[in-house]
Novice: 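So that we are looking at the same thing, I have put the structure below in structure tokens.
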Amino acid sequence: MWRLLIGELYPEVEFLEPAKEALFWRIEETLGLPVPLELVELLRETNGVWNEYGDAVVWSAERIIEDNLAMRSEPDYRELYAPFDNLMFFGDSDMGPQFAYVHTGYGPGIISWDHETDERRLVVVSLRDYLVRRFTQGSDWFR
């Protein structure tokens, strides 16, 4: 399903081998957050998605773990930014922001996070909408 959608949006895409199942459990255990089912399903088809500029539209499962841990443990980040405990970062943009699932009482949504201002803004509510906008609405679609 995800390969078909991504291939339609970005025909030049090169798919990777699927992520290993054990990594989904490791993400949840390490970050203390459930991995949204839609993200698990995408990573079961391809372990990450990149655009023509080399931006990681969706990070690999390994990078999700590594980058989220780094952001949570960096001492300077704790002084500069609000906590990242309820966020699961999974992608970035050439324009600077990173994208994360935010876990709320209403379920997950996807935010853009600006590292310069610490602004966190809900931009879409599903991975499908995120991918469609990333591949069809230009580099500043999240503004």
Side-chain angles (χ1 to χ4, degrees), residues 1-74 76-78 80-104 106-143:
M1 170 186 124
W2 291 105
R3 283 182 178 231
L4 180 63
L5 173 66
I6 295 164
E8 288 174 1
L9 296 170
Y10 178 48
E12 297 83 20
V13 70
E14 293 182 26
F15 293 107
L16 302 174
E17 292 296 316
K20 296 188 180 345
E21 288 289 321
L23 287 171
F24 307 130
W25 172 82
R26 189 163 163 238
I27 292 170
E28 289 188 1
E29 180 183 82
T30 304
L31 302 182
L33 296 170
V35 183
L37 181 58
E38 61 188 7
L39 182 58
V40 169
E41 290 171 345
L42 184 144
L43 293 171
R44 281 181 175 148
E45 292 185 33
T46 181
N47 194 13
V49 178
W50 287 261
N51 68 14
E52 67 268 27
Y53 306 109
D55 300 323
V57 174
V58 177
W59 296 344
S60 67
E62 295 87 354
R63 184 170 175 195
I64 290 171
I65 295 167
E66 292 166 9
D67 281 26
N68 278 276
L69 280 179
M71 291 176 75
R72 291 176 181 196
S73 63
E74 173 60 45
D76 290 342
Y77 282 18
R78 285 191 224 150
L80 292 171
Y81 305 123
F84 297 122
D85 298 344
N86 69 335
L87 302 177
M88 181 181 296
F89 288 92
F90 71 90
D92 55 57
S93 169
D94 65 331
M95 299 297 289
Q98 293 184 330
F99 299 93
Y101 279 98
V102 60
H103 291 268
T104 68
Y106 303 104
I110 296 175
I111 64 157
S112 67
W113 174 68
D114 184 322
H115 71 279
E116 293 179 6
T117 64
D118 198 26
E119 178 184 20
R120 301 160 188 220
R121 193 162 53 91
L122 184 67
V123 290
V124 293
V125 295
S126 74
L127 186 58
R128 183 186 191 292
D129 288 343
Y130 167 79
L131 292 169
V132 168
R133 290 180 189 205
R134 284 294 305 261
F135 286 119
T136 65
Q137 293 186 3
S139 60
D140 63 349
W141 67 271
F142 51 88
R143 296 195 192 278

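Computed from heavy atoms alone, side chains included, the values below leave out hydrogens, waters and symmetry copies.
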Novice: If only atom types and distance count, is the side chain of Arg128 paired as donor or acceptor with the main-chain N or O of Leu5 below 3.5 Å?
Specialist: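 No, because the side chain of Arg128 does not come within donor-acceptor range (under 3.5 Å) of the backbone of Leu5.
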Novice: Looking at every heavy atom in both Leu23 and Glu62, which two are closest together, and how far apart are they?
Specialist: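 That would be CD1-OE2, 3.2 Å.
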Novice: May I ask you to test the Leu42-Val49 pair for a side-chain heavy-atom distance under 4.5 Å?
Specialist: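 The answer is yes, as the side chains (C-beta and beyond) meet within the 4.5 Å cut-off.
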Novice: Could you give the distance from CH2 (Trp50) to OG (Ser60), rounded to the nearest 0.5 Å?
Specialist: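 Answer rounded to 0.5 Å: 5.5 Å.
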Novice: Considering all heavy atoms of both residues, which atom of Val123 and which atom of Phe142 are nearest to each other, and what is their separation?
Specialist: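 In terms of heavy atoms, the two residues are closest at CG1-O, 3.7 Å.
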Novice: Would you give the length of the straight line joining atom CG of Leu69 to atom CG of Leu31, rounded to the nearest 0.5 angstrom?
Specialist: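 The CG atom of Leu31 is 6.0 Å from CG of Leu69, to the nearest 0.5 Å.
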Novice: Taking all heavy atoms of Leu122 and all of Ile110, pick out the closest pair and write down the distance.
Specialist: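 Taking every non-hydrogen atom into account, CD1-O, 3.4 Å.
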Novice: In terms of the angle between their ring planes, are Phe84 and Tyr81 parallel, tilted or perpendicular, with boundaries placed at 30° and 60°?
Specialist: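 Ring orientation, 0 to 90° scale: tilted.
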Novice: Mind listing the closest non-hydrogen atom pair of Phe24 and Val35 along with its distance?
Specialist: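 Of all heavy-atom pairs spanning Phe24 and Val35, the closest is O-CG2, 3.8 Å.
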Novice: What's the spacing between Asp67 CG and Phe89 CZ if we round to 0.5 Å?
Specialist: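 So the gap between those two atoms works out to 10.0 Å.
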Novice: Where is the tightest heavy-atom contact between Asn47 and Leu16, given as atom of each residue plus distance?
Specialist: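 Closest heavy-atom pair between Asn47 and Leu16: O-CD1, 3.2 Å.
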Novice: Does the side chain of Phe15 come within less than 4.5 Å of Ile6's, by heavy atoms?
Specialist: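 Yes - at least one pair of side-chain heavy atoms lies under 4.5 Å apart.
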Novice: Determine whether a donor-acceptor pair (N or O, by modelled atom type, separation under 3.5 Å) exists between the side chain of Arg44 and the backbone of Pro18.
Specialist: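 No; zero donor-acceptor contacts below 3.5 Å.
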Novice: So, the side chain of Asn51 versus the backbone of Val57: is there a donor-acceptor pair under 3.5 Å, distance only?
Specialist: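 It does not hold such a pair.
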Novice: Check whether any side-chain heavy atom of Leu43 sits under 4.5 Å from a side-chain heavy atom of Phe90, and report yes or no.
Specialist: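 Leu43 does not reach Phe90 side chain to side chain.
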Novice: Main chain of Asp114, side chain of Glu119: is a donor-acceptor contact present, judged purely on distance under 3.5 Å?
Specialist: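 No, Glu119 side chain to Asp114 backbone: no donor-acceptor pair under 3.5 Å.
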Novice: Check whether any side-chain N or O of Arg120 sits under 3.5 Å from a backbone N or O of Ile111 as a donor-acceptor pair, and report yes or no.
Specialist: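 Such a contact is absent between Arg120 side chain and Ile111 backbone.
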Novice: Does the Gln98 side chain pair with the main chain of Trp113, one donor and one acceptor, at a distance under 3.5 Å?
Specialist: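 Flag not set: sc Gln98 to bb Trp113 has no pair under 3.5 Å.
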Novice: Mind listing the closest non-hydrogen atom pair of Leu87 and Arg72 along with its distance?
Specialist: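 Closest approach of Leu87 to Arg72: O-NH2, 3.0 Å.
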Novice: I'd like to know if the side chain of Tyr130 reaches the main chain of Val58, judged simply by a donor and an acceptor atom lying under 3.5 Å from each other, with no hydrogens or angles considered.
Specialist: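 Checking the backbone N and O of Val58 against the side chain of Tyr130, no donor-acceptor pair under 3.5 Å is found.
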Novice: Look at the aromatic rings of Phe99 and Trp141 and report parallel, tilted or perpendicular, splitting at 30° and 60°.
Specialist: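 It falls in the parallel class, under 30°.
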Novice: Just so I know, are the side chains of Glu41 and Trp2 near enough to count as touching, which here means a heavy-atom distance under 4.5 Å?
Specialist: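 SC-SC contact between Glu41 and Trp2 confirmed.
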Novice: Mind checking the CE-CD1 spacing from Met88 to Ile65? Nearest 0.5 Å is all I need.
Specialist: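 Met88 atom CE to Ile65 atom CD1 measures 9.5 Å (nearest 0.5 Å).
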Novice: Tell me whether Asn68 contacts the main-chain N or O of Ile64 through its side chain, where contact means a donor paired with an acceptor under 3.5 Å.
Specialist: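 Yes; judged by distance alone, with no hydrogens or angles, the pair exists.
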Novice: Regarding Tyr101 and Glu38, is there a side-chain donor-to-acceptor distance under 3.5 Å anywhere?
Specialist: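 A donor-acceptor contact under 3.5 Å links the two side chains.
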